[in-house]
Amino acid sequence: MPNKDDFLYPRGRYYGQIKPENLVFNANLQEFAQKVSYICNLETAGKISPDEAYENIKELWKNLKQAKKQLRIGENPFRMDDDGNQPE
């Protein structure tokens with residue numbers, strides 16, 4: 001019998017570059033998507049107002065951006081340009 005949490009909070013497999021920060025960010029991203037889906041469903045069903053839905057999603061987005069910044073996703077301090085120099 002499947003676990004209730006696996007049913008309510010499904011996780012997709014990660015196919016990207018295997019690095020700890022990428023795995024953590026992927027988990028955060030999947031959680032964000034799941035919560036946005038719940039908020040949208042609540043708003044569609046009339047359980048929360050559009051303004052409340054917007055504010056909730058905005059707060060989730062801020063949290064996701066903060067996690068991305070803390071994990072330094074998208075930063076590559078050792079990246080070189082075409083000439084072999086570090087970009088400024």
Side-chain angles (χ1 to χ4, degrees):
M1 170 157 245
N3 184 344
K4 175 181 74 168
D5 288 337
D6 292 338
F7 177 75
L8 293 175
Y9 310 107
R11 296 273 183 216
R13 184 172 176 193
Y14 179 68
Y15 292 98
Q17 184 180 15
I18 305 296
K19 296 190 325 191
E21 59 270 22
N22 289 352
L23 294 173
V24 170
F25 183 72
N26 181 263
N28 290 341
L29 187 60
Q30 288 189 45
E31 182 180 350
F32 169 80
Q34 188 69 41
K35 287 181 178 181
V36 167
S37 176
Y38 287 153
I39 292 168
C40 290
N41 291 333
L42 288 170
E43 192 277 330
T44 300
K47 304 295 182 184
I48 62 174
S49 70
D51 288 335
E52 187 177 356
Y54 173 81
E55 291 301 324
N56 287 338
I57 293 171
K58 185 177 173 182
E59 185 65 29
L60 290 173
W61 180 251
K62 282 175 45 180
N63 293 341
L64 185 64
K65 281 177 64 173
Q66 181 69 23
K68 179 183 180 279
K69 188 174 185 178
Q70 287 175 344
L71 292 168
R72 301 181 71 179
I73 300 295
E75 294 180 19
N76 187 353
F78 303 110
R79 185 185 74 210
M80 301 288 184
D81 64 13
D82 293 337
D83 298 327
N85 300 317
Q86 282 191 315
E88 297 178 7

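Predicted model only: the values in this text are computed from it and were never measured. As a basis for the values below, the full set of heavy atoms in this structure was taken, side chains included, without hydrogen atoms, waters or symmetry mates.
- Rounded to the nearest 0.5 angstrom, Ile18 CD1 and Asn26 CG are separated by 9.0 Å.
- Linking Ile, Leu, Val, Met, Phe, Trp and Tyr whenever their side-chain heavy atoms come within less than 4.5 Å leaves Phe32 and Leu23 in two separate clusters.
- Between atom CD of residue Glu43 and atom CD1 of residue Ile39 there is a gap of 10.5 Å, rounded to the nearest 0.5 Å.
- Contact record, Gln17 with Asn22: O-ND2, 3.0 Å, taken as the closest heavy-atom pair.
- When atom types are taken as modelled, the side chain of Asn41 and the backbone of Ser37 share a donor-acceptor pair closer than 3.5 angstrom.
- Applying the 6.0 Å contact sphere to OH of Tyr54 captures no more than 12 heavy atoms from other residues, nucleotides or ligands.
- One finds the CG atom of Asn63 at 11.5 Å from the NZ atom of Lys65 (value rounded to the nearest 0.5 Å).
- The side-chain contact (heavy atoms from CB on, under 4.5 Å) test with Asn56 is passed by exactly one of Glu59, Glu52, Lys58: Glu52.
- Inter-residue side-chain proximity for Gln34 and Gln30 is flagged as unmet; no heavy-atom pair is nearer than 4.5 Å.
- Between the CG atom in Asn28 and the CD atom in Glu21 there is a gap of 12.5 Å [rounded to 0.5 Å].
- Leu64 and Tyr38 are assigned to two separate hydrophobic clusters, defined by single-linkage of ILVMFWY side chains at heavy-atom distances under 4.5 Å.
- Atom CZ of Arg72 sits about 15.5 Å away from atom CZ of Phe25, to the nearest 0.5 Å.
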